[in-house]
Amino acid sequence: MRILVLGGDGYLGWPTALHLSQCGHQVAVADNFARRQYDFELGVESLVPIESLQTRIAVWKDLTGESIGVYVGDLTDADFTYEMLRDFRPEAVVHFAEQRAAPYSMIDRKHAVYTQVNNVVGTMNLLYAIGEVDRDIHLVKLGTMGEYGTPEIDIEEGWLEIEHKGRTDRVLFPKRPGSFYHLSKVHDSHNIEFTCRIWGLRATDLNQGVVYGQQTAETVLDDRLATRFDYDAVFGTVLNRFVIQAVLGHPLTVYGTGGQRRGIIDIRDTVRCVQLACENPADRGEFRVFNQMTEAMSIQELADTVERCFPGAVEIEHLDNPRVELEEHYYNVVHTRLLDLGLTPHLLSDTLITSLFDVAKRYADRVQPEALRPKVNWRDHASPVQET
Ligand code: UPG
């Protein structure tokens, strides 16, 4: 298949592009390098050094003989988006090209507005481009489990059968997200569902859990193929942060009681899920939702797992929660559709965590310890992290 990976220079977009290429697909990536720019803005860097996109692609070509095409541009530029689709003529578009950190979106008004404009307008331009260039293109969109929040009922895969006053209907599952970032993905989901219903587009919304890990079968082939490993309090995801904190002898920063439960997924399963979604497209007019997570754990359980696996002393610190979120709640998620398509999950294992310790130890001297402490507070309108 011809597959275009938007956001193909990022934490997950890059390993996904490699995996799809390895599977024999013709792949091109698009990126505006916004993720590298956030590093400059926040004064932090990926723990693992990453090469330029051009070098990564050249190394992949040397190792495998496979070419990956490149489009440099921004989805909020509609002309760029249309021209890219006309030029590459993809059968599937995988869309990672969004600002993806909840704390970044909660820094202040400017960052909240940027996040929503970037994400919602970029996706709108993409929908229009698909609508005009080729309505058969299958959109595989990265959503988030954070769209649902933590409702008192089981979380279904995107849709809910309801009975109301004796009548029944099938509606989009009610959303109650916890940040302006997560909200941006709710808005995207509505816009995408609308275009499936009105124009007959085909789309899969992958509501992904919190990703952990840094290596895939393809990225380990050469150091220069590595993907980023974020540990800072803005972009680092929780388990990856706990691993680095353990290695540095820094306390694991559990927010609040740690009773909050989240869906989680290994990076190796992320790339496989996207492959499965592309190879098994949604029907024309179908808005399909998969809950892309393999298990649910509380934050305290994640911290306890890291503590148990680490060969040394680990302290767990309960910070006042900088976010506004329930810390004790019901959480039961249906996530069977990717398993039905053939996913064999890598559940969180001691082996995986031990291998992450090795990555963290190798690059520990690159860590800026002050970047580990959370500075963005959900209750403030303007957090002290940014004065611009
Ligand atoms: N948390 C802590 N301590 C930390 C960091 C986080 O307790 O040091 C908690 C946090 O309060 C939250 C949970 O861990 O309850 C998850 O936080 P995090 O790992 O930052 O994930 P999200 O903010 O949910 O965002 C990540 C990705 C996002 C994706 C989402 C999927 O950044 O792009 O949509 O996971 O759920």
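Order of listing sets the numbers, starting from 1, for every ligand and every atom in it. As the structure is a computational prediction, the values presented were derived from the model and not from experiment.
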Before accepting this row, confirm whether a basic side-chain N of the pair R224/D222 lies closer than 4.0 Å to the acidic partner's carboxylate O. yes

Is any N or O atom of Y181, backbone or side chain, closer than 3.5 Å to an N or O atom of ligand 1? yes

If we number the atoms of ligand 1 from 1 as shown, the ones under 4.0 Å from a heavy atom of R262 are 15 (O)

Using the side chain to side chain donor-acceptor pair (under 3.5 Å) rule, take S298 and R261 through it: C-alpha gap first, then chi angles, then the decisive distance, then the call. CA-CA 4 Å; S298 74; R261 296 183 74 76; 4.7 Å; no

Residue, atom and distance of the protein heavy atom nearest atom 13 (C) of ligand 1 read I299 CD1, 3.6 Å

For T144 and ligand 1, does the shortest N/O to N/O distance drop below 3.5 Å? yes

Under 4.0 Å from one or more heavy atoms of A102, ligand 1 contributes atoms 23 (O)

Test log, rule side chain to side chain contact (heavy atoms under 4.5 Å, CB included), inputs L356 and V247: CA-CA 10 Å; L356 278 177; V247 166; over 6 Å; no

Charged N to carboxylate O below 4.0 Å: is that the case for K185 and D205? no

At what distance is the nearest protein heavy atom to atom 21 (O) of ligand 1, and which residue and atom is it? V210 CG2, 3.8 Å

Which of the ligand 1 atoms, numbered from 1, are nearer than 4.0 Å to a heavy atom of Q208: 31 (C), 36 (O)

Do I57 and L63 sit in one hydrophobic cluster, given that two such residues count as connected whenever their side-chain heavy atoms are within less than 4.5 Å of each other, even indirectly? yes

Which of the atoms in ligand 1, numbered in the order shown and given with their element, are less than 4.0 Å from a heavy-atom of H182? 23 (O), 24 (O)

Atom indices of ligand 1 within 4.0 angstrom of E325 heavy atoms, with elements: 10 (C), 11 (O), 12 (C), 15 (O)

Under 3.5 Å donor-acceptor, D31 side chain and G8 backbone: yes

Answer with yes or no whether the side chains of Y148 and N207 bring together a donor and an acceptor at under 3.5 Å. yes

the protein heavy atom lying closest to atom 32 (O) of ligand 1 turns out to be R100 NH1, 2.8 Å

Judged by heavy atoms only, the candidate from L142, T253, L12 nearest atom 3 (N) of ligand 1 is T253

Cation over ring, R35 on F235, under 6.0 Å and within 45°? yes

Numbering as shown, the atoms of ligand 1 that approach Q260 to under 4.0 Å (heavy-atom distance): 11 (O), 15 (O)

N or O contact, R241 vs ligand 1, cut-off under 3.5 Å: yes

Can you tell me which portion of R323 lies within the under-4.0 Å heavy-atom range of ligand 1? Options are side chain, backbone, both, or neither. side chain

Heavy-atom contacts with V254 under 4.0 Å: which atoms of ligand 1 show up? List them by number with element. 7 (O)

What protein heavy atom sits nearest atom 7 (O) of ligand 1, and how far off is it? Y255 N, 2.8 Å

Nearest to atom 26 (C) of ligand 1, what protein heavy atom do you find, and at what distance? T237 CG2, 3.9 Å

With side chain to side chain contact (heavy atoms under 4.5 Å, CB included) as the test, would you mind laying out the steps for L139 and I192 before giving the verdict? CA-CA 9 Å; L139 172 62; I192 298 167; 4.1 Å; yes

Compute the shortest N/O to N/O distance between V238 and ligand 1 and return yes if it is under 3.5 Å, no if not. yes

Just checking, is any N or O donor in the side chain of E325 or Q260 under 3.5 Å from an acceptor N or O on the other one? yes

Check K141 with E98, please: is the shortest side-chain N to carboxylate O separation under 4.0 Å? yes

Which one holds for K185 and ligand 1: side chain close, backbone close, both close, or neither close, with close meaning a heavy atom under 4.0 Å? neither

Please find the pair of heavy atoms, one from H329 and one from G259, that lie closest to each other, and give the distance. NE2-O, 4.3 Å

